[in-house]
Amino acid sequence: MPELPEVETVVRHLKPDLIGQKIISFQSNWSKVLDNINIDQFLETISDQKILDVTRRAKFIVLNLEKGFIPIHLRMTGRLFPNDRIPDEKHISAVFQLSDIFLIFKDTRKFGRIYWYDEWSDFDIKHGIEPLGELFTQEWLLMSIHSKKRQMKALLLDQHFIAGLGNIYVDEALWSARIHPLSISNEVSSVKIKRLHRSIRAILESAIVYNGTTFINFSFKDGIPGSYRNQLQIFDREGLLCKRCNTTIKKIRAAGRGTYYCTRCQKR
DNA sequence: CCGTTTGTTCTGCC
DNA sequence: GGGCAGAACAAACG
């Protein structure tokens, strides 16, 4: 279940292998893998184009071509990796044949999608602020959270609000800032929101250093795992003790997701 | 067959 | 009609 740090990790590892490669062809083994373009148009548009860069926006891996962009969303179980041949495995949703290498999109659950955009802005405006970008300031977060009246967990998971946080890092950030996941955004104190701003940045930056949190079955290149899992303070620790106050960690449902929090540190 | 997992889209309420 | 919560959905697996 890749979130921002995992996607960033994939992007950084793909970059050196993909930059400068030309797209020779594309094949899909799963008709729904292309989300907003049909295969014929896609083939015609991308063939012979060079990959100029590989970047990240929200939780999308973006192939920047000479003309246009291919955002790829891994969703739950998607994996994107370069290989010298097409693997003889199940669940290969799509394959890009490049000049020197194949780019494989393997996706067991088939929720992952490939998109096409001519214009960067058409894609960009669909997503919220980048939490590691310079527009994401303490003032912005304070104002934006106080101007809404929503459960904190649901708000932070909303990709139109902040792009890139998912279930793991939201729980970690809320624990770090000592905010109850069900507290209502306009009632959370300014002190806590300022703390949240610092927490979000610090947690994401640290998770990127550790190559993300491999959880269940996400991994990049050759299954090398991210190791932030060992740094988790609250997520997936139901029944264990809070590292700050030794209270037993509880699991509840918030915004329809399994949510871990400390009943003592994170008061409503 | 059911529960579980995710982000997005929908539906319906206020 | 905006803001919001919650259901539905996309598939596969055990």
Side-chain angles (χ1 to χ4, degrees), chain A residues 1-10 28-37 56-62 71-80 89-94 105-117 122-131 143-174 180-188 200 204 207 212-220 225-226 228-229 232 234-238 251-260 268:
Chain A
M1 40 186 102
E3 305 179 29
L4 187 153
E6 290 76 27
V7 176
E8 182 66 31
T9 298
V10 173
S28 89
N29 305 324
W30 173 241
S31 61
K32 294 179 184 172
V33 74
L34 289 176
D35 188 277
N36 64 345
I37 185 169
R56 181 192 59 74
R57 169 74 172 109
K59 298 177 191 171
F60 293 79
I61 300 156
V62 184
I72 301 173
H73 201 304
L74 302 177
R75 225 51 179 272
M76 288 179 65
T77 56
R79 290 178 56 182
L80 192 65
E89 294 173 21
K90 276 180 148 182
H91 311 308
I92 306 294
S93 278
F105 186 35
K106 177 175 176 174
D107 187 12
T108 316
R109 299 277 172 93
K110 294 190 170 73
F111 289 181
R113 292 291 182 272
I114 299 172
Y115 300 78
W116 169 259
Y117 285 91
D122 291 342
F123 169 65
D124 188 57
I125 54 164
K126 291 179 181 294
H127 313 289
I129 195 168
E130 283 289 332
M143 184 270 291
S144 303
I145 285 182
H146 276 166
S147 69
K148 298 185 189 324
K149 197 174 175 179
R150 297 183 63 182
Q151 289 179 3
M152 283 301 290
K153 172 107 184 194
L155 182 56
L156 294 182
L157 283 174
D158 186 341
Q159 301 299 298
H160 298 284
F161 183 56
I162 299 174
L165 295 175
N167 207 27
I168 298 175
Y169 298 107
V170 166
D171 279 5
E172 292 295 311
L174 288 174
H180 192 290
L182 295 179
S183 57
I184 305 303
S185 57
N186 66 338
E187 297 170 355
V188 177
I200 289 174
L204 292 178
T213 305
T214 296
F215 191 68
I216 301 182
N217 57 6
F218 170 75
S219 55
F220 64 91
Y228 191 76
R229 161 187 257 311
L232 294 176
I234 191 83
F235 186 82
D236 200 28
R237 290 176 51 79
E238 183 184 17
K251 182 181 185 182
I252 57 169
R253 273 197 108 64
R257 297 285 180 263
T259 299
Y260 303 86
R268 288 228 207 192

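We name chains A, B, ... by the order of the sequence lines, and we start the count at 1 in each one.
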Closest-nucleotide mapping onto DNA chain C: is A/K110 or A/A255 further toward the 5' terminus? I mean the 5' end.
A/A255
Please determine, for the side chain of A/Q151, which listed nucleotide (C/dA12, C/dA5, B/dT6) has the closest atom?
C/dA5
How close or far is atom C1' of C/dA5 from atom NZ of A/K149, stated in whole angstroms?
14 Å
On a plain distance test, is the side chain of A/R109 in donor-acceptor contact with the base of B/dT5 below 3.5 Å?
yes
Give the rounded distance in Å between these two atoms: CE of A/M76 and C1' of C/dA10.
10 Å
Are A/S185 and A/K148 close enough that a side-chain donor and a side-chain acceptor fall under 3.5 Å?
no
Using a 4.0 Å heavy-atom cut-off, does A/G166 contact any base of the nucleic acid, only the sugar-phosphate backbone, or nothing at all?
sugar-phosphate
Quick check on DNA chain B: between A/F111 and A/H160, whose nearest nucleotide comes earlier from the 5' end?
A/F111
Around atom NZ of A/K126, are there more than 12 heavy atoms from other residues, nucleotides or ligands closer than 6.0 Å?
no
Test salt bridge (Lys or Arg N to Asp or Glu O under 4.0 Å) on A/R79 and A/D107; report intermediate values, then the result.
CA-CA 6 Å; A/R79 290 178 56 182; A/D107 187 12; over 6 Å; no
Rounded to the nearest angstrom, tell me the gap between atom CZ in A/F161 and atom C1' in B/dT8.
18 Å
Taking the six-membered ring for Trp and the full ring for Phe, Tyr or His, determine whether the centres of A/F60 and A/H127 are under 6.0 Å apart.
yes
In whole angstrom, what separates A/D35's CG from C/dA11's C1'?
15 Å
Calculate the interatomic distance between A/L157 atom CG and B/dT9 atom P; express it in whole Å.
15 Å
Return the 5'-most residue of the pair A/K90, A/A154 with respect to DNA chain C, ranking by each residue's nearest nucleotide.
A/A154
Minimum-distance nucleotide to A/K32 side chain [options: C/dA11, C/dC4, B/dT8]
C/dA11
Nearest-nucleotide pick for A/Q159, side chain only, options being B/dT8, B/dT5, C/dC4:
B/dT8
Let me know the distance between CZ of A/R150 and C1' of B/dC13, rounded to the nearest Å.
15 Å
Mind calculating the distance between CG (A/L74) and C1' (B/dG7) to the nearest angstrom?
12 Å
For A/H127 and B/dT8, give me the distance from atom NE2 to atom C1', rounded to whole Å.
11 Å
Is any side-chain nitrogen or oxygen of A/R253 closer than 4.0 Å to OP1 or OP2 of B/dT5?
yes
Between A/Y228 and A/E172, does the side-chain hydrogen bond (donor to acceptor under 3.5 Å, both in side chains) criterion hold? Intermediate values first, please.
CA-CA 11 Å; A/Y228 191 76; A/E172 292 295 311; 4.9 Å; no
A/K251 side-chain proximity, nearest of C/dA11, B/dT8, B/dT5
B/dT5
